[in-house]
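The structure under discussion appears below in the form of structure tokens.
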Amino acid sequence: MSSDTPQAATEEKQKLHLEVQIEKPQACRRHVVVTIPQEDIQRYVDQVLDELVPRAEVPGFRPGRAPRKLVAARFRKEIAQQVKAQLLLDAIDQVTEEHDLVPISEPDFDPEAVELPQEGNLTFEFDLEVRPEFELPQWKGLKLRRPVRQITDEEIQRLLQRMFISPNDLVPVQEPAQPGDFITADITFYDEEERLSRAEEELLRLRPVLSFRDGVLEGFDELMKGVRSGEERQGRVKISAEAPNPKYRNKELRAVFHVLDVRRPQMPELTPELLTRRFGPQVQSEEELRRMLRENLQARLEYQQREALRNQITELLLKDAQWELPPELLRRQAQRELQRTVLELRRSGFTEAEIRAYENRLRQNALAETARALKQHFILERIAEEEGIDATPEDYDREVLLIAAQSGESPRRIRARLEKTGGMDVLRNQIVERKVIDLILQHAEFEDVPLEEDILPEEKEFPVLFTITAPPGAETTEESSEQS
Amino acid sequence: MGQPKGQKTQMQLEPHQVLLRPLVTEKGVAASQKHNAYAFEVNPLATKEDIRRAVEELFNVKVVKVRTQNRRGKPRRRGFRVGHTKQWKKAIVTLDPEYRIDFF
């Protein structure tokens, strides 16, 4: 029996004699028709039988003693299923390899629908999304402008203040509200006179923009300026083009805010106890906290620098990329892209609220952004391939540790969560892209320019995790969640 | 015992009433390969002649020899209920070397 194994291994390497037809309905789509000849099918059946016969249990026989023919007849269904699965897998692998297709998603076909014929050839077809073909732009020797600057004490002070603004440190005031204050309000949404949904006791901050999952209210701080508890104000919410309910997309809805109270953030005294409670035992004094904040800001600055360079690189690389992408691909990718961005932001030490604000905004114009990001991804991936860049296990470990350090969770838990949600793929892309960007940067020419952008921009937006328009047919959702 | 030994029937059994099922076992398969002999479970009322005719008719072969055995039921007990499995008849049919039955 042991002599079977090496033989099976050599047979497995033997290629299939496939007949392949490939059609190109779209730039990124391939329709593939594959025919597998009967000899190949028979070879696979024999392989499976070789494995099965020595341990088959058939009534009337001791295990493994049943004749081959009998086993083949008795386990016909199981064998067919196994052979089919292996054949399809190997055939698809071979097709993509031989015909230089680079798939970017699972092939779109139903293995259940394919039936292994008793006799004759097996023909099946499937659709595949492949990486578009394009000319790789010149990426060596790009001329880039690198933004540089130092972190100032004033910025640390501002960050410090911002950090201590939390619902716990708010003081109710009787005075009229000013920009930057918090209000608690019940919000009711109307389309003309029809009441759509209602969010109760939402804690809102007076910022220029109030964003919901599926819409934004511009000029919120102006709208609410001077409001007192008990008063009511009305504003108009612009629903995004990707809201769950198509009826309200791009529409303006009326939002009525009934203000319950006005609260003002207050900076608490920074006693060692408070610091330790908030930041753990390693932070004992204000001094140490400031040092920590400086590091945090430095990480953000590096992120911004990277983003700026990355944007420039994208700009330069995408100049000639005029190829089209299929919309289904875009939609699916939009979700992944969102995950990637969130991961990146978390790694760079942004707060959950900031990340959520960004997420809300991204969700609203996800498709356009995705198309851009996707093209960029394809170009970087191509460069990675040509330069032989890939993510190593150490890279994964380092990334996981970094995220763990930033979010304060254990690396094991982070890794488990990533693996569960398919985040490892996202992480891989991220690592590879970062490496390629590093490579591009190595070959680029730099010109230092001062970074004018404020590293700590006053938060323009206050995110509320509330969906105004329920999908058609669903009950109006009245969920609301606490802001931190 | 209710042994059908000596029991006879006036009815002419049809071939499909005679042969109940082939006995596909390790022993049976070995015998079929070595001696061209095939085992069947048969109707306890069938005679060797009946069996010979049935096999020849159903499988289109030439039978050389038929041997039969009456198998007693095995005792079975479930709680206080004592019983036994049914008795049955086994036939080993040797074929002319020119013929074979395929599904063994």
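By convention in this document, chain letters (A, B, ...) are assigned in the order of the sequence lines, proteins followed by strands, and residues within each chain are numbered from 1.
- Distance alone, capped at 3.5 Å, is enough to place a donor-acceptor pair between the E26(B) side chain and the R62(A) backbone.
- Listed by first and then second residue, the salt bridge (charged side-chain N to carboxylate O under 4.0 Å, His left out) pairs that reach into residues 79-90 of chain B are E41(B)-K86(B), sequence neighbours excluded.
- D102(B) is listed as a side-chain neighbour of K69(A), based on a closest heavy-atom distance under 4.5 Å.
- Taking all atoms of both residues into account, the shortest heavy-atom contact from F61(A) to V29(B) is CZ-CG2, 3.6 Å.
- Under the side-chain contact (heavy atoms from CB on, under 4.5 Å) criterion, K27(B) pairs with T25(B), sequence neighbours left out.
- Counting heavy-atom neighbours within 6.0 Å of R68(A) CZ, excluding the residue itself, gives a total above 12.
- Surrounding CD of E419(A) are more than 12 heavy atoms belonging to other residues, nucleotides or ligands, all under 6.0 Å away.
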